[in-house]
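The next block holds one structure in the form of structure tokens; read it before the comments.
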Number of protein chains: 2
Amino acid sequence: MGATVLTPSPEEDMERRRTRPRIADVAREAGVSKTAVSFAFNSPERLSAETAIRIREVAGALGYRPNPVARMLTQRQTMTLGVLTPQALAVIFSNPFFALFSEGVAHAAEDLGYELHFISPLHGSLALAVGRSTVDGVVAIGLSADHPEVGQIRGAGLPMVLVDSDDLPGHSSVVVDDEAGARAAAEHLVELGHRDLLVIAIEGPATPSGEPGRTGVTERRLRGYRAVLEGAGIELSAERVVAGRSSIDGGSSAFQRAWAMGIRPTAVLAMSDAIAIGAMRAARELGLRIPDDLSVVGFDDIDLAGHVDPPLTTVHQPIRQKGADAVRLLLAEVEQREANRPEHIRLETRLIVRASTGPAPQLRQEVP
Amino acid sequence: MGATVLTPSPEEDMERRRTRPRIADVAREAGVSKTAVSFAFNSPERLSAETAIRIREVAGALGYRPNPVARMLTQRQTMTLGVLTPQALAVIFSNPFFALFSEGVAHAAEDLGYELHFISPLHGSLALAVGRSTVDGVVAIGLSADHPEVGQIRGAGLPMVLVDSDDLPGHSSVVVDDEAGARAAAEHLVELGHRDLLVIAIEGPATPSGEPGRTGVTERRLRGYRAVLEGAGIELSAERVVAGRSSIDGGSSAFQRAWAMGIRPTAVLAMSDAIAIGAMRAARELGLRIPDDLSVVGFDDIDLAGHVDPPLTTVHQPIRQKGADAVRLLLAEVEQREANRPEHIRLETRLIVRASTGPAPQLRQEVP
DNA sequence: TACTGTCACTAAACCGGTTCACTAAACCGG
DNA sequence: CCGGTTTAGTGAACCGGTTTAGTGACAGTA
């Protein structure tokens with residue numbers, strides 16, 4: 001390549017510095033049409049080999065990179081999938097459940113050549129974030145089907161798969177059998193002789209109206225717990241169902257709150273492992289031994305569950321697979337523009353008994 | 001709004017179903033120009049109130065949503081920041097260090113109204129992913145400054161901030177004082193009388209040439225360890241520096257490998273908490289008591305570190321802040337197009353002594 | 001009445017690519 | 001040497017918005 005071609009006049013040099021080169025600049029410099037430059041990158045077989053190489057050389061020397069936004073516009077696809085969550089990203093990333101889910105999503109998306117874009121409330125508005133997001137489809141996790149943004153996406157005709165949510169006509173979905181998992185957890189405790197239970201639910205993001213959100217997941221698990229307890233003649237009064245953020249701290253403070261209210265359970269049914277671990281920590285600090293004085297059952301079976309002390313008895317759910325399946329379903333819809341039947345996947349859960357649960361203590365401690 | 005306006009002819013109805021409405025459709029339906037529709041959304045004050053409202057009503061009825069890709073193209077900004085990592089997303093999300101970092105990044109980005117886009121190798125190629133990504137700037141973490149993709153981004157003129165990497169002229173950066181942190185960890189062990197040490201380093205992603213990557217972080221920490229050990233007259237032979245993935249399993253298998261090679265340390269210097277926790281688990285399974293038989297020091301001080309058994313002695317680094325600072329620096333560059341001085345931030349580290357370290361055992365166990 | 005200013009709105013250019021429809025030249029068998 | 005096919009490349013339209021420069025109607029002023 002001749003230096004004459006690539007040495008810019010001072011004027012051109014100025015120009016280059018202020019705006020990045022466009023396809024037209026490359027075309028002019030190489031003495032070909034814009035079309036030829038486009039071909040050199042996208043379908044070189046339509047050009048003679050030498051022309052294609054020369055164009056790419058010129059482009060390289062100019063520091064040209066095809067503007068991906070412009071390409072998206074003409075292709076009318078972004079090769080990006082959205083992950084929609086009702087909570088702030090900062091919250092999301094501290095949630096091990098979400099990390100596992102993302103892992104599954106990321107794995108599947110990567111395999112299929114898609115990028116990932118996390119959509120979470122912007123300036124408190126999920127609607128704004130959805131409006132701005134440039135994605136070919138959306139995996140919505142933890143949003144109830146009647147969430148307003150779900151409607152927004154449906155209205156916009158964007159492909160969407162719902163995870164951990166109720167079914168919505170026209171959309172695929174992935175859920176786990178929360179109710180069965182919850183039943184297994186409760187049965188385990190009942191068999192160990194526990195009759196004084198505390199349920200710590202996951203507190204959803206506050207709804208616009210200010211009331212703490214109740215997601216479908218929470219409801220289903222609670223239904224499972226209740227079914228077993230009622231069957232065993234155990235009453236679960238309202239004050240024995242508390243809620244906390246799904247984090248270690250959230251579980252810890254929820255247990256403390258219940259304790260401060262005078263509740264003295266022999267066992268805790270936590271709706272997430274993070275909460276369970278937090279509850280164990282709080283209980284320890286109150287002088288309780290686990291599982292001698294207090295049994296704790298979690299939910300999720302995150303990697304950590306087996307590594308805490310004592311190892312946590314919990315309900316396993318295939319979180320990674322949930323993410324991967326959601327992406328698979330979403331892409332089925334994204335890639336074939338034809339209307340295809342929405343598919344609904346329900347994955348199984350199972351109880352993993354470790355060391356955080358044991359027989360109910362014969363006599364309860366009356367005073368902390 | 002008259003029903004006549006909104007009831008589409010069958011033909012129009014077909015058309016609407018196949019492609020989402022464009023700005024021109026709204027304009028036609030409302031009997032105004034495209035410009036007016038654009039104004040109705042972006043600068044309603046340039047329209048009479050009633051016209052603006054009518055246009056928005058029509059748009060709503062049509063299910064119109066401005067195409068964000070087209071908007072990006074004309075605005076020449078995407079309001080999105082990229083987080084560049086050399087590892088696959090699926091790997092990233094299982095890494096608690098990264099989760100914390102992302103938390104910091106996400107928090108700052110959200111505050112400033114930016115979305116986040118994670119850029120990781122696509123089909124094994126980071127370059128491909130970078131080329132596709134539509135971002136206004138990039139936070140690169142864990143890439144060495146001589147990484148080829150870093151050059152690619154520089155060439156494209158995209159603003160970039162480097163985290164945990166060597167300084168690069170023209171770019172801001174954020175690092176922590178790894179060397180000082182490593183020194184503190186080593187000093188602690190030396191003071192406790194340990195002389196038989198094992199270092200478990202973080203194994204970077206394999207380089208294209210196949211050799212295991214050595215990031216700057218690893219080098220700096222190793223330098224810190226060495227400085228102290230040499231000062232105390234302790235030799236750190238090559239076989240006493242092993243590497244593993246930065247995960248619990250990675251730490252576990254690295255320790256097992258070293259053990260199988262006949263190495264019998266009284267203390268472990270792990271370059272991440274995840275590795276430290278894994279090493280503790282492996283040691284336990286080999287019958288060692290911690291800290292009686294083996295002391296372990298981690299690095300990072302992730303939330304979990306205080307909750308494992310025994311609570312982990314580790315070097316604290318402000319991971320969240322690292323992410324937040326990186327975004328701050330990046331936006332300074334993105335938002336003012338003027339060339340502004342790159343800034344370099346170095347954050348402090350400090351040793352947190354918990355219960356995983358203790359005095360060196362008087363006699364070493366000879367046989368497992 | 002002519003002049004200026006404001007208001008409400010529009011036509012056309014533009015962002016930076018891709019692609020459709022077409023052409024000139026080279027090739028090829030008969 | 002002719003008609004048909006390939007090859008290599010081009011110009012213009014297009015993707016779906018935003019923005020610049022203007023236009024006509026109307027009100028206010030001198």
Side-chain angles (χ1 to χ4, degrees), chain A residues 15-16 18-56 58-59 62-79 131-136 156-158, chain B residues 15-16 18-56 58-59 62-79 131-136 156-158:
Chain A
E15 204 174 15
R16 181 162 312 143
R18 79 175 52 260
T19 69
R20 30 185 278 202
R22 303 177 305 262
I23 197 169
D25 299 322
V26 178
R28 180 169 13 81
E29 206 77 4
V32 294
S33 67
K34 291 194 323 177
T35 308
V37 179
S38 179
F39 284 162
F41 282 93
N42 303 313
S43 30
E45 74 280 1
R46 293 200 50 179
L47 256 34
S48 74
E50 41 189 325
T51 309
I53 288 171
R54 184 166 50 85
I55 292 176
R56 281 205 292 262
V58 171
L62 256 43
Y64 170 73
R65 173 178 84 113
N67 182 324
V69 175
R71 194 205 300 262
M72 279 181 182
L73 184 60
T74 62
Q75 309 280 264
R76 271 179 282 179
Q77 58 167 341
T78 64
M79 293 305 283
R132 275 211 201 158
S133 64
T134 55
V135 296
D136 293 340
L158 206 56
Chain B
E15 205 175 10
R16 180 162 313 144
R18 81 174 53 258
T19 69
R20 25 183 283 202
R22 302 175 307 261
I23 197 170
D25 298 323
V26 178
R28 180 168 16 78
E29 206 79 3
V32 295
S33 67
K34 291 194 323 178
T35 308
V37 178
S38 180
F39 284 163
F41 282 93
N42 302 314
S43 30
E45 74 281 359
R46 295 198 49 179
L47 255 34
S48 73
E50 41 190 324
T51 310
I53 289 172
R54 184 167 50 86
I55 292 175
R56 280 207 292 263
V58 171
L62 255 45
Y64 170 73
R65 172 177 86 113
N67 182 325
V69 174
R71 193 205 299 262
M72 278 180 183
L73 184 59
T74 61
Q75 311 278 266
R76 273 181 279 176
Q77 61 166 337
T78 63
M79 292 305 284
R132 276 209 200 160
S133 64
T134 54
V135 297
D136 293 337
L158 207 55

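Just so we're clear, the structure is a prediction, and the values are computed from it rather than from any experiment. Lettering of chains follows the sequences in order, A, B, ..., and the numbering in each one begins at 1. Below, each value reflects all heavy atoms present in this structure, side chains not excepted, and no hydrogens, waters or symmetry copies.
- Close to C:dC9, at under 4.0 Å from its OP1 or OP2, lies a side-chain N or O of B:S48.
- Closest-nucleotide positions on DNA chain D for B:L73 and A:L47 were compared, and the one nearer the 5' end corresponds to A:L47.
- Atom CE in A:M72 sits about 14 Å away from atom C1' in D:dC15, given to the nearest Å.
- Note on B:N67: every side-chain N or O is 4.0 Å or more away from OP1 and OP2 of D:dC15.
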**Complete:** Per-residue pairing states of DNA chain C in dot-bracket (Watson-Crick or G-U under 3.5 Å; . unpaired, | other strand) read ||||||||||||||||||||||||||||||
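- For B:R56 (side chain) and B:A40 (main-chain N/O), a donor-acceptor pair under 3.5 Å exists by modelled atom type.
- Atom CZ in A:R28 sits roughly 17 Å away from atom C1' in D:dG11 (whole-Å rounding).
- Heavy atoms of B:F41 sit nowhere under 4.0 angstrom from any nucleic acid atom.
- For A:R76, no side-chain nitrogen or oxygen approaches OP1 or OP2 of D:dC15 to under 4.0 Å.
- Atom CD1 of B:I23 and atom P of D:dC14 are 18 Å apart (whole Å).
- Between the side chain of B:R20 and the main chain of A:A156, no donor-acceptor pair closer than 3.5 Å is present.
- Listed candidates were D:dG17, D:dT20, C:dT18. Nearest to the side chain of B:F39 is D:dT20.
- Distances shorter than 4.0 Å separate some side-chain N or O of A:Q75 from OP1 or OP2 on C:dT19.
- Side chains of A:I55 and A:T51 form a contact here, defined as non-hydrogen atoms less than 4.5 Å apart.
- Considering only side-chain N and O atoms, A:T74 lies nowhere under 4.0 angstrom from the phosphate OP1 or OP2 of C:dG16.
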**Request:** Would you check, one step at a time, whether the test side chain to side chain contact (heavy atoms under 4.5 Å, CB included) holds for A:D25 with A:R22?
**Result:** CA-CA 5 Å; A:D25 299 322; A:R22 303 177 305 262; 3.7 Å; yes
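- Residue A:V32 is classed as a sugar-phosphate contact, given heavy-atom separations below 4.0 Å to backbone atoms only.
- For A:I55 and D:dA8, the CD1 to P distance is 13 Å, given to the nearest whole Å.
- Listed here is the closest heavy atom pair of A:P21 and A:Y64: O-CD1, 3.4 Å.
- You won't find any donor-acceptor pair under 3.5 Å spanning the side chain of A:K34 and the base of C:dG16, going by distance alone.
- Within a 6.0 Å radius of CD in A:E45, other residues, nucleotides and ligands contribute more than 12 heavy atoms.
- Using a 4.5 Å heavy-atom threshold, the side chains of B:V32 and B:L47 count as separate.
- Remark: C1' of D:dT19 and CG of B:N42 are 11 Å apart, rounded to the nearest angstrom.
- Going from atom CG of A:L62 over to atom P of C:dG17 covers 12 Å, rounded to whole Å.
- Contact check, A:S33 against D:dG9: no side-chain N or O comes under 4.0 Å of OP1 or OP2.
- Atom CZ of residue B:R65 and atom CG of residue A:L158 lie 6.0 Å apart, to the nearest 0.5 angstrom.
- Between the C1' atom of D:dG17 and the CZ atom of B:R22 lies a distance of 11 Å, rounded to the nearest Å.
- In this structure, of C:dC20, C:dA12, D:dG9, it is C:dC20 that holds the atom nearest to the side chain of A:T35.
- Put simply, B:R46 has no side-chain N or O that comes within less than 4.0 Å of OP1 or OP2 on C:dA8.
- Between the P atom of C:dT19 and the CD atom of A:E45 lies a distance of 12 Å, rounded to the nearest Å.
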